[in-house]
Amino acid sequence: MSDVSGNHPRRESLLLRERIADGVARGITSIHGLIAHGRGEAFDYLLGERTHPFAEAAITAAAAEILDAARPVISVNGNACALAAEELVELSRLTGAPLEVNIFHTSAERELAIQGTLLEAGADRVLLPTRECSIPGLDHNRRWVHPEGIHRADVIFVPLEDGDRCQALIADGRRVLTVDLNPLSRTAQAATVTIVDNLTRCLPLLIEAVEFLSGRSSGERRTIRESWNNAAALREAEAAIRGAAAPVPAGEKPFAR
Ligand code: PTJ
C-alpha cells in the first residue's frame, strides 16, 4: 500500500519512485537503477514534467522506424521493466518486435526476474541474453545477446540506456531508438531517434503513434523517417532545459554585499 496521499503535490513523481524502489525489492531493478532514476527525475523537473513538441515529433519518428523495420527488437533493462512492463509488452504485441532482456549490471537472477515480470504482464515470449552471440566492441554484460533478437535486429528500441552499447550498435550499422530525459547523454547523442521524455509518459503516446501510423502508407512513414533530424530535436530539448533557469538580473548577487 502506498504512503503517498492523493493530494500530495509531488504525487506522480513519488509514485514512480515507489515503482522503482519496488523493482529493487522484487529483484528486477539494480540498486544503481535508483541513482539513474534520480538523474532522470532532475532532468524531468527542468523539463516541467511534460511531453514537449520535440518529444512528440521523436515519438512519431520512432513509431515509423519500428513499423518499417525488418527485424525490430525491444531491449528491456531493470529500470524500464519496473516502470513500464505492461506498455513494453503492448508495444511488442503491436509491432511484432520481440522483447529481449539486456542489462548492464550482471545478474542472472535479475535477468530471470525481468523475464518473469514481462511474461506476467502478458508477453508470449521473452528472449534472454546468450553466450552464443555478442555485440562487437563491448566488453561488459550488455554485449551478450540472443541469436534471434538483438544479434540480427536492424532497429532496436533501447529505453534508459547507459551509453556505450548504443554507440556500439550504431557503429555496427543498426538503427537505435531511445528514451532518455538527458539530451546530453552519450546515448541521446548517438541514437538514430531520441525521445527526450519520461518513459512512463511517452510509452502510451508511442503506442498510439504506432497504432495510427500502421494504418498509413509505407511512403508516408518513409518520408517521416527520412526527414527526421535527431540533432535538431536534441538542441530543442537542451534549449528547453537551459530556458528553465531564470536569467539573473545584471549585478544581482545572493547577498546584498
Ligand atoms: O538494469 P541495468 O543493469 O541494465 O541498469 C539500468 C541502468 C538504468 C541503471 C543503467 O543502464 C544505467 O546506469 O544507466 P545511466 O547511465 O544512469 O543512464 C540512464 C539514463 O536514463 C540517464 O540519462 C537518465 O537521465 C535517464 N532516465 C532515468 N529515468 C528515466 C530516464 N529517461 C527517461 N525516463 C525515465 N523514467
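Numbering of ligands and ligand atoms starts at 1, following listing order. Residue numbers count from 1 along this sequence.
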Practice item. Supply the atom-to-atom distance N182 CG to F43 CZ, rounded to the nearest 0.5 angstrom. Key: 3.5 Å
Review point. Can G33 be said to touch ligand 1, with heavy atoms closer than 4.0 Å?
Key: yes
Check your understanding: What residue and heavy atom of the protein are closest to atom 28 (C) of ligand 1, and at what distance?
Key -> A36 O, 3.2 Å
**Study point:** CA sep, side-chain torsions, deciding dist, call: T187, D180, side-chain hydrogen bond (donor to acceptor under 3.5 Å, both in side chains)
**Key:** CA-CA 8 Å; T187 297; D180 195 331; 4.9 Å; no
Practice item. Could you label the plane-to-plane angle of the H32 and H105 rings as parallel, tilted or perpendicular, counting under 30° as parallel and over 60° as perpendicular? Key: parallel
When the side chains of residues 53-73 are checked against the rest of the protein, which donor-acceptor pairs come out under 3.5 Å, sequence neighbours left out?
unit_1	atom_1	unit_2	atom_2	d
T60	OG1	E56	O	3.2
E65	OE1	R175	NE	2.9
E65	OE2	R175	NE	3.2
E65	OE2	R175	NH2	2.7
D68	OD1	R221	NE	2.6
D68	OD1	R221	NH2	3.2
D68	OD2	R225	NE	2.9
D68	OD2	R225	NH2	3.2
R71	NE	R152	O	2.6
R71	NH2	R152	O	3.4

Check your understanding: Can you check whether E238's main-chain N or O pairs, donor with acceptor, with R242's side chain at less than 3.5 Å?
Key -> no
Point to revise | Under 3.5 Å donor-acceptor, D172 side chain and R174 backbone | key: no
Point to revise | Distance filter under 4.0 Å to G78 heavy atoms, resulting ligand 1 atoms | key: 1 (O)
**Study point:** side chain to side chain contact (heavy atoms under 4.5 Å, CB included) partner of N102, the single match among L127, N77, V145
**Key:** V145
Point to revise | Protein residue, atom and distance nearest to atom 5 (O) of ligand 1, heavy-atom basis | key: H105 CD2, 3.6 Å
Check your understanding: Would you say ligand 1 has an N or O under 3.5 Å from any N or O of H37?
Key -> no
Check your understanding: Do L199 and ligand 1 have an N or O pair less than 3.5 Å apart?
Key -> yes
Check your understanding: Backbone, side chain, both or neither: what part of D44 comes under 4.0 angstrom of ligand 1, heavy atoms only?
Key -> neither
Check your understanding: Tell me: protein heavy atom nearest atom 32 (N) of ligand 1, and distance?
Key -> L181 N, 3.2 Å
Practice item. Count the heavy atoms belonging to other residues, nucleotides or ligands that lie under 6.0 Å from CD of E220, then report whether that count exceeds 12. Key: yes
Practice item. Measure from the side-chain N and O atoms of S92 to the backbone N and O of A97, and report whether any donor-acceptor pair falls under 3.5 Å. Key: yes
**Study point:** Heavy atom of the protein closest to atom 6 (C) of ligand 1 (residue, atom name, distance)
**Key:** N77 ND2, 3.6 Å
Check your understanding: Counting both backbone and side chain atoms, is some N or O of N79 under 3.5 Å from an N or O of ligand 1?
Key -> no
Practice item. Kindly determine whether N79 and T29 satisfy side-chain hydrogen bond (donor to acceptor under 3.5 Å, both in side chains), including the steps that lead there. Key: CA-CA 6 Å; N79 283 51; T29 308; 5.0 Å; no
Study note, to complete from the structure: Atoms of ligand 1 under 4.0 Å from any heavy atom of D180, numbered from 1 in the order shown, are 20 (C), 21 (O), 22 (C), 23 (O), 24 (C), 25 (O), 26 (C), 32 (N)
Study note, to complete from the structure: Per-atom filter on ligand 1: closer than 4.0 angstrom to a heavy atom of L83 are 36 (N)
Check your understanding: Which residue holds the protein heavy atom closest to atom 12 (C) of ligand 1, what is that atom called, and what is the gap in Å?
Key -> D162 CB, 3.8 Å
Review point. So which protein heavy atom does atom 18 (O) of ligand 1 come closest to, and at what separation?
Key: E161 O, 3.1 Å
Study note, to complete from the structure: Within the 4.0 Å heavy-atom cut-off, what R110 brings close to ligand 1 is side chain
Review point. Is the closest basic N to carboxylate O distance between R10 and E49 below 4.0 Å?
Key: yes
Exercise for review: Around atom 33 (C) of ligand 1, find the nearest protein heavy atom and jot down its residue, atom name and distance.
Suggested key: D197 O, 3.3 Å
Point to revise | Protein heavy-atom partner closest to atom 4 (O) of ligand 1 - residue, atom, separation in Å | key: F104 N, 2.7 Å
